[in-house]
Amino acid sequence: MDFETLVRWLLRDPVAVAPDLLGAVLTHTTPEGTVGVRLTEVEAYRGHRDSDHPDPGSHSYNGRTPRNEVMWGPPGHLYVYFTYGMHFCANVVCGPAGSSSGCLLRAGEIVEGIDLARSRRSAARRDADLARGPARLAQALSIGRDDNGATLDGASFRLEPPAHRAAGVLSGPRVGVAGEGGSADYLWRFWLPGEPSVSTYRAAKPRPARG
DNA sequence: AGATCGATTCCCT
DNA sequence: GGGAATCGATCTG
């Protein structure tokens, strides 16, 4: 899919984009080689212009800051943030420019460059653990500070949406989101059933994402 | 200027 | 199941 088409595909509410991202393949090419991950778990973070009231769980909830700047930009870019003093996590920016929406990439299955991914993730005991969890996924793909704002145009990062919308998508509360944003009103974590790469933490009973 | 705590992971029990 | 590691963005005074 060319970049222009991808941008159009991302130009929607993140709660609609997130389940559609399941099965998509994100690849990152570096001088070391290429690693590709098939997404199995994502979370939606809704910005200010995409809905009547903003998402209390989002980094952009309190407005524009240097850290969340990229989220306010156009879709088709990576929003990468640093957390717990040691981890990076990656989002796909979606929705129109000015909306500050994104989808956090929580887990996936390595489908390309597995040896390189293993070398970056020596702590992983099983291949299913290589990109199980957002910081692990970022490490397997070597996503770091410098990749904040990177374009998904295929130069270094490429995002290929799935040929068909995934069936049987499950949803539940988002992980690590405290307060209102973590309540049953925000079942914006989406994952594929039966995937060993989906992170273990389950905050509540999963339910079908679409009726 | 100082305190707080996080969209986490790993290792130990 | 629990605690440590580790640092910078954001908030408070």
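Residue numbering restarts at 1 for every chain, and letters A, B, ... go by the order of the sequence lines.
- Nucleic acid contact for A:Arg125: none, since no nucleic acid atom lies under 4.0 Å from a heavy atom of the residue.
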Worksheet item: Run the salt bridge (charged side-chain N to carboxylate O under 4.0 Å, His left out) check on A:Asp55 and A:Arg174 step by step: do they pass?
Response: CA-CA 12 Å; A:Asp55 172 6; A:Arg174 293 175 293 185; 2.7 Å; yes
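- Distance noted for atom P between B:dA7 and C:dG1: 23 Å (whole Å).
- A salt bridge between A:Asp127 and A:Arg132 is absent, with no side-chain N of the basic residue lying under 4.0 Å from a carboxylate O of the acidic one.
- With sequence neighbours excluded, no residue forms a salt bridge (Lys or Arg N to Asp or Glu O under 4.0 Å) with A:Arg125.
- Using a 4.0 Å heavy-atom cutoff across all strands shown, A:Phe82 reaches sugar-phosphate atoms only and no base atom.
- The OG atom of A:Ser197 lies 8.0 Å from the CD atom of A:Glu41; values are rounded to the nearest 0.5 Å.
- Looking only at atom types and distance, the side chain of A:Ser156 has a donor-acceptor partner in the side chain of A:His28 under 3.5 Å away.
- Contacts of A:Asn62 with the nucleic acid, taken as non-hydrogen atoms under 4.0 Å apart, involve only primed sugar atoms and P, OP1 or OP2.
- Not counting sequence neighbours, A:Asp50 has no partner by the salt bridge (Lys or Arg N to Asp or Glu O under 4.0 Å) test.
- Nucleotide C:dT10 holds its C1' atom 11 Å from the CG atom of A:Asn68, rounded to whole Å.
- For DNA chain C, each stem of at least three Watson-Crick or G-U pairs (distances under 3.5 Å) is given as range with range: B:1-6 with C:7-12, B:8-12 with C:1-5.
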Fill in: Worked check of side-chain contact (heavy atoms from CB on, under 4.5 Å) between A:Trp9 and A:Leu21
CA-CA 10 Å; A:Trp9 188 74; A:Leu21 276 170; 3.8 Å; yes
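- Of all nucleotides in DNA chain B having an atom under 4.0 Å from a heavy atom of chain A, the first and last in 5' to 3' order are B:dG6 to B:dC10.
- Each of A:Val177 and A:Ala124 was matched to the nucleotide of DNA chain B holding its nearest heavy atom; the match closer to the 5' end belongs to A:Val177.
- Atom CZ of A:Phe88 and atom P of C:dT6 are 15 Å apart (whole Å).
- For the pair A:Arg145 and A:Phe82, the cation-pi criterion (under 6.0 Å, within 45° of the ring axis) is fulfilled.
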Would you mind writing out the side-chain donor-acceptor pairs for residues 70-80 of chain A within the sub-3.5 Å range, not counting sequence neighbours?
| residue | atom | partner | partner atom | Å |
| --- | --- | --- | --- | --- |
| A:Trp72 | NE1 | A:Asn68 | OD1 | 2.8 |
| A:His77 | ND1 | A:Gly149 | O | 3.1 |
| A:Tyr79 | OH | A:His59 | ND1 | 2.8 |

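- Base engagement by A:Gly57 is indicated by at least one non-hydrogen atom pair under 4.0 Å involving a base atom.
- In this pair, A:His53 and A:Tyr186 present their aromatic rings perpendicular. The plane angle is above 60°, beyond the 30 to 60° band.
- Between A:Arg67 atom CZ and C:dC11 atom P the separation is 10 Å, expressed in whole Å.
- If you take atom P in B:dG2 and the same atom in C:dT6, they sit 23 Å apart, rounded to whole Å.
- Less than 4.0 Å separates DNA chain B from no heavy atom of any residue of residues 140-151 of chain A.
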Discussion item. The test is side-chain contact (heavy atoms from CB on, under 4.5 Å); show your working for A:Val42 and A:Arg106 and say whether it passes.
Written reply: CA-CA 5 Å; A:Val42 302; A:Arg106 286 200 58 88; 5.8 Å; no
